Amino acid sequence: MTYITKPKLAHPGLARNELGYTRRYYEGAVSTLCAGCGHDSISAGIIQAFFELNIEPHRVAKLSGIGCSSKTPTYFLGSSHGLNSVHGRMPSVLTGANLANRDLIYIGVSGDGDSASIGLGQFAHCLRRGVNMLYVVENNGVYGLTKGQFSATADKGSKSKRGVVNRDSNIDMVGLALQLGATFVARSFSGDKAQLVPLLKAAIEHQGAAFIDVISPCVAFNNHAGSTKSYDYVREHNEALNRLDFIPRRQPITADYEAGTVEDIVQHDGSVVRLRKIAKDYDPHDRIQATNFLQARAAQGEIVTGLIYIDPDAEDLHSNLNTVDLPLNALGEDELCPGSSVLEKINADLR
Amino acid sequence: MKNIQAINDFVVKFANVNGSGSASANALFARAILRMGVAVSPRNIFPSNIQGLPTWYEVRVCDRGWQGRRGGVDLMVAMNPQTWDEDVAEIDPGGYLFYDSSRDLLPSKFRDDVRAIGVPLTKICNEAYTDARQRQLFKNIIYVGALGALLDIDPQVITSLIGEQFQGKEALMQSNVKALAMGRDYALSHFDCPIGLQIQKSDSVGDKVFLEGNSAAALGAVYGGATVAAWYPITPSSSLAEAFEVHCKKYRHETTSGKAKYAILQAEDELASIGMVIGAAWNGARAFTATSGPGISLMQEFIGFAYFAEIPAVIFDVQRGGPSTGMPTRTQQSDVTLCAYASHGDTKHVLLFPEDPREAFEMGAISFDLADRLQTPVFVMLELDIGMNERLCDPLEWDDSRRFDRGKVMTHEMLERGAEFGRYLDVDVDGIPYRTYPGTHPKRGSYFTRGTTKDRYAKYSEAGPDYVDNMQRLLRKFETAKGIVPEPILYTGTHESQIGVIYYGSTSPAMAEAIEALELRGLEVDALRIRAFPFADSVGEFIAEHDLLFVVEQNRDAQLRMLLVNECGVDPTKLMAVLHYDGTPITAKFITREISEGIAAVIEAPMRSTGTQ
């Protein structure tokens, strides 16, 4: 971690977005994570994504659980409300928050211990409910804050820093998310910002349960030979399916590509996800094919990254519950309390 | 043999098989008596099972209006062969046994001191119906018809209740009316009606309403402005969440769009339920969960989080018999200390103790004001006995001028005017800081909510002074709570008594009846009904003003007494515990006996004993 506070003054020449904010405005407190931690790169990606999307930070609510990854919401979007909940329970708190105010943007940040072990149940259930959110797992395969125990996403046969070999099968968060009905599923690598930022942007604009598993090496406890979550290992085994451009709504769409190599996916809000295909026959609209493809590649030791699945017309929890357009937290007595005359009738029916 | 003779004052107990459709027939019986203007209090005594096990429905008919369980049985409607022997044995001497006489039973199966009234229900059904389900369902209606004749219940009253129940379903209504008549005709032609037990028109019901506590509490949540409910099914609280949905479907949809002004989620477990409530309340919605003891055990970590991060949450705990799975379908008051001090570390929580469905409604609504005002979890401590049984109560009331108290919420305008915002800043010296809802203002008022320690401006801090400062403020807040939670209610006799009784929740009707019975024995007591924790100062004063006090509870360990000793600095030897915890509702007889014996013991050996059980 660094102890040097950043200067508050912004250089007048710094780039500003459409709202007139500099990128700095989207930052948070100085990170207290280890120097070189993959999580800090993800925070930088999140900052970049919100900056480029021209989103007012105070319209974002950021939630997390417990662990290194869950500390990171303090390090981005300093003008947003944040909530650091209990271990493994961010999804339920986020679900409740989302029910209370459908107008905010929700980002849940979690780790592999938080989401694949203690919170596996909540992870599963909030995806299957279609909560409109971006759920990021910063996946390093290890418990950092408690100094290097394996997590449930550590691959079978991978070696810990102390030389212990993991004998348990790993939990594949992406495979689970696909099976559980997430409508936007991606995997990325904290070391590949060019891939990560457009994915984050598309996921933020996605109107449903968006999940991104970001492999994020732990420099302190899981970046050695024998680890399958080290910078070197991930770089060697990364198989990107596609490259993605995100085009927000109202922005003109230009075609400058060869036919057949690119697909424009229009999301519910009018934004466009432009996919530049790398794996030629891969179809990100086919949940079953995606599942098979992932398992086949995983068996070969490859880490598939990119946009894995998208349902651009996803329905979210609010549409399932048919809730009113106004946020529930904005309703008052007049909308909510049936009053004394109704109570008179209720009394009459109870006699 | 002289049989019991009683008008409008007796107990009828139905012994049935779970899942046989008896519940609606038995409720029809109880409602018919109510419609005659005679007060009843029915109780379901049921197993943790869906079909096939024994279940009972006990109706206390009492023109005096006592709603507590009386104990004893004057008329047993023995419809379950499995429990025949114990059911017959339970009847008071001189009582009555109503049974299905389709098959001959050995004389040894009967009692000499009980009058047996046999109606060949199965035979009548088999002759009238061919369908197996119809035979079973109408058998229940036939016995209601027969009982109506035997007890002299106005047949018109029963018929009109059936009419209301099956409004718009003419065929069903007709067949029910026909079944009723079959039972009635058989009874009239084979027995001298009425028997010694009789219902006569009266006016002890007045304008009272008859409803279950769970449904009333859910209605309170509707009136109190709850918009988010998250729950996990658990007996005896599930019907609260389900009732909330029923009420919301009626009263909470936009007329034009049909859209819902509420969101109900059946969560994956109790941890998620309370997590959702906390998330919603943090974000400015009024939210609640409904659960029972095991659910509270699971929620502990989150409850501590809400206490420490100061997030409102309303938790309806419909208490059942503990510990562990305990007695899932029996009643107790055994979650009191669990809820009062829920979670690790130093915590204290606000508890409300409704005495009946009417108060469940009121407290159901007020709990949201208290949670918002105090920014902390509030427990509404229901009990199975009032939650899952219908009670006769005064009509529900609502004052339309009443506004939701959303507590100290700093708005966009306040922030714009430059008001200083520190999330944990005690600006009014009442321990309650201001909060902001997420999304309020672009530049001001945002903060980070966490379960770790922090300073007054919500900045992470493990510094000792910051921690102590915060914990002291939370104590001040609890002190503030004392002054705004529902006050205890004092019932004094005509003379000032040196003996006091403290009680709460569902014990209330049995206590009222016991006070009268004690008076008849020349033992006058002053009684204080606790309605909330933390205790108002008047509780400590009441204890100080009396030489001897009984604390009447429905748990083994005298949990409220523990709280009194702990929080009021009381000499424990002054407080005698009266404890009833076998899972059945407490009775006036039990209280009267325990208190009179307790007083006698103290008179013989002054102030040595601390408990009677």
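These numbers come from a predicted model, not from an experiment.
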Side chain, backbone, both or neither: which part of A:L104 has an atom under 4.5 Å from a heavy atom of chain B?
side chain
Is the distance between the ring centroids of A:Y135 and A:Y106 less than 6.0 Å?
no
What option among B:A281, B:P442, B:G445, B:C248 has the most heavy-atom pairs under 4.5 Å with chain A?
B:P442
Below 4.5 Å, heavy-atom pairs only: which of B:L211, B:L396, B:I278 has the largest tally toward chain A?
B:L396
Could you tell me whether A:H268 atom NE2 has more than 12 heavy atoms of other residues or ligands within 6.0 Å of it?
no
Is A:E56 close to chain B through its backbone or its side chain, or both, or neither, when contacts mean heavy atoms under 4.5 Å?
side chain
Evaluation steps, side-chain contact (heavy atoms from CB on, under 4.5 Å), between A:L134 and A:F211:
CA-CA 6 Å; A:L134 163 57; A:F211 172 69; over 6 Å; no
Selection from B:W398, B:Y460, B:Y262, B:W282 maximising heavy-atom pairs under 4.5 Å formed with chain A
B:W282
Please flag which part of A:L343 lies under 4.5 Å from any non-hydrogen atom of chain B: side chain, backbone, both or neither.
both
A:P73 portion near chain B, given a 4.5 angstrom heavy-atom threshold
both
Measure distances from B:I311 to the heavy atoms of chain A and classify the residue's part below 4.5 Å as side chain, backbone, both or neither.
side chain
Under 4.5 Å from any heavy atom of chain B, what part of A:L63 do you find: side chain, backbone, both or neither?
side chain
Run the salt-bridge test on B:E310 and B:R423 with the 4.0 Å N-O cut-off and return the result as yes or no.
no
With a 4.5 angstrom heavy-atom cut-off, which part of B:A287 approaches chain A: side chain, backbone, both or neither?
neither
Can you tell which part of B:R403 gets under 4.5 Å to a heavy atom of chain A, answering side chain, backbone, both or neither?
both
Side chain, backbone, both or neither: which part of B:K250 has a non-hydrogen atom closer than 4.5 Å to chain A?
neither
Starting from the C-alpha separation in whole Å, work towards a yes-or-no answer on side chain to side chain donor-acceptor pair (under 3.5 Å) for A:N17 and A:Y26.
CA-CA 11 Å; A:N17 65 8; A:Y26 289 81; 2.9 Å; yes
Out of B:A285, B:G451, B:S273, B:G304, which one racks up the most heavy-atom pairs below 4.5 Å with chain A?
B:A285
Under a 4.5 Å heavy-atom cut-off, does chain A meet the side chain of B:A230, its backbone, both or neither?
neither
Centroid-to-centroid, A:Y25 to A:F51, below 6.0 Å?
no
Chain B heavy atoms under 4.5 Å from A:D334: which part of the residue, side chain, backbone, both or neither?
side chain
B:E268 versus chain A, the contacting section by heavy-atom distance below 4.5 Å
both
Region of B:V228 in contact with chain A, defined by heavy-atom distances below 4.5 Å
side chain
B:R35 versus chain A, heavy atoms under 4.5 Å apart: side chain, backbone, both or neither?
side chain
Hey, would you say the B:Y457 and B:Y447 ring centroids sit under 6.0 Å apart?
no
Which is it for B:R435 and B:D372 under the side-chain contact (heavy atoms from CB on, under 4.5 Å) test, yes or no, and what are the steps along the way?
CA-CA 10 Å; B:R435 63 175 179 144; B:D372 271 348; 3.3 Å; yes
Can you tell which part of B:H441 gets under 4.5 Å to a heavy atom of chain A, answering side chain, backbone, both or neither?
backbone
If you count heavy-atom pairs within less than 4.5 Å of chain A, which of B:I274, B:L265, B:T440, B:T452 leads?
B:L265
Identify which part of A:S80 has an atom lying under 4.5 Å from any heavy atom of chain B, answering side chain, backbone, both or neither.
backbone
Pick one of side chain, backbone, both or neither for B:E164, based on which atoms fall under 4.5 Å of a heavy atom in chain A.
neither
Could you tell me whether B:D369 and B:R286 have a side-chain N and a carboxylate O separated by less than 4.0 Å?
yes
Are the side chain of A:Y21 and the backbone N or O of A:P57 linked by a donor-acceptor pair below 3.5 Å?
no
What part of A:L317 gets closer than 4.5 Å to chain B, counting heavy atoms only: side chain, backbone, both or neither?
side chain
What do you reckon, are the aromatic ring centroids of B:F361 and B:Y223 less than 6.0 Å apart?
yes
Classify the ring geometry of B:F305 against B:F302: parallel below 30°, tilted from 30° to 60°, perpendicular beyond 60°.
perpendicular
The interface call for B:D207 against chain A, heavy-atom contacts under 4.5 Å, is both
Could you have a look at B:T227, B:L219, B:V205 and say which one has the most heavy-atom pairs with chain A under 4.5 angstrom?
B:T227
So A:E138 and A:S70, do their side chains get closer than 4.5 Å, heavy atoms only?
no
Okay, B:L34 and chain A: the region with an atom under 4.5 Å from a heavy atom over there is neither
Looking at B:F448, is B:K459 sitting on its ring face, NZ or CZ under 6.0 Å from the six-membered ring centre and within 45 degrees of the normal?
no
